[in-house]
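Since the structure comes first, as structure tokens, the remarks are kept for the end.
One-based numbering, in listed order, for ligands and for the atoms of each. Bear in mind the structure is a predicted one, so any value in this text is a computation, not a measurement. Throughout, residue positions are numbered sequentially from 1 according to the sequence presented.
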Amino acid sequence: MLEINELSKIYPGGTQALKAVTFNVPKGQFLAVIGLSGSGKSTLLRCINRLIEPTKGQIIWNGIDLAALPENEMRLYRRKIGMVFQSFNLVLRSTVLTNVLSGRLGYINPAWSFLNRFSKQDYLDAMKQLERVGIADKAFQRADELSGGQQQRVSIARAMMQNPEIMLADEPVASLDPVLAHSIMQYLDKINKELGVTVICSLHFLDLVHRYADRVIALNNGYVVFDGLPSEIDDMK
Ligand code: ADP
Ligand code: ADP
């Protein structure tokens, strides 16, 4: 359970990207976040995984205020949050398998010197995650030899190596064509339905919201302007 309470973010330049944003996310929900470019979606996701610090307000995770967490526990919290990005953020010169293994470290910068840190179980898990997203046969290819859709599958497999409680996906399909977009959304859906991982996913297209989300939050200029069922959102227009 994640509680977002009166969250505000003012960037150093003075842009107020989030304005007293408040909502709860029950465990196992598939939540879509929509809004025009610049409405605050990325800022919200980056506050949740603490890539950035909110200016005001609380994020409470399983009853614990993140602001009260000491650094070592913050690292554990971050490991419980998987992250998938619009631009995949793979290390392109590394193999698919190395990229996926790096998820076990909780950060996304694999280096060959880390490889001997992985156990046999880590390798088995990495292959299992690649199988789950249907690209086990690409394990030993370099990431930059893969198509965009395949790279996004690698990044999902990498995030799953963290055994996340929450999967944050920041416009995960914005750079993919509609067919690939559906296949990526189906993997997120599978992780949500089969493993009970909470998914918070920013999206551009309402058809994807209708098809995959349990609930939708719309942001406009940093404010929550809608919070409800996907079936109710059309009444807003
Ligand atoms: P979205 O993801 O919905 O496109 P963002 O969260 O990226 O929205 O941006 C919200 C607002 O905050 C925008 O006005 C954007 O220009 C601004 N913003 C985002 N990141 C930064 C930053 N690092 N520094 C200053 N302003 C930023
Ligand atoms: P995306 O569309 O993938 O969210 P953006 O173009 O919004 O990417 O942001 C890319 C990077 O630029 C982010 O790290 C964001 O923090 C930063 N950024 C976005 N808007 C601003 C801004 N107005 N001032 C400074 N940095 C910004």
What atoms of ligand 1 come closer than 4.0 angstrom to any heavy atom of [X]?
X     : answer
Lys41 : 1 (P), 2 (O), 3 (O), 4 (O), 6 (O), 8 (O)
Ala17 : 10 (C), 11 (C), 12 (O)
Ser42 : 1 (P), 2 (O), 6 (O), 7 (O)
Ser37 : 4 (O)

Does ligand 1 have any atom sitting under 4.0 Å from a heavy atom of [X]?
X      : value
Asp170 : no
Gly38  : yes
Ser39  : yes

[X] and ligand 1 - part of the residue with a heavy-atom distance under 4.0 Å:
X     : result
Thr15 : side chain
Arg46 : side chain
Leu36 : backbone

Output the distance between atom CZ (Arg211) and atom CE (Met185), rounded to the nearest 0.5 Å.
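The CE atom of Met185 is 10.0 Å from CZ of Arg211, to the nearest 0.5 Å.
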Separation of Glu165 CD from Met1 CE (nearest 0.5 Å)
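Taking CE in Met1 and CD in Glu165, the distance rounds to 13.0 Å.
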Take a 6.0 Å sphere around NZ of Lys128 and say whether it holds more than 12 heavy atoms from other residues, nucleotides or ligands.
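12 or below, so no.
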Is any side-chain heavy atom of Thr43 closer than 4.5 Å to one of Tyr11?
yes
If hydrophobic clusters are built by linking Ile, Leu, Val, Met, Phe, Trp and Tyr wherever their side-chain heavy atoms come under 4.5 Å apart, do Phe140 and Leu146 end up in the same one?
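Yes, Phe140 and Leu146 fall within the same hydrophobic cluster.
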Assigning hydrophobic clusters by single linkage (Ile, Leu, Val, Met, Phe, Trp, Tyr; side-chain heavy-atom cutoff under 4.5 Å), is Val179 placed with Phe205?
no
Quick one: sort the Trp61 and Tyr77 rings into parallel, tilted or perpendicular, breaks at 30° and 60°.
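Perpendicular, since the angle between the ring planes exceeds 60°.
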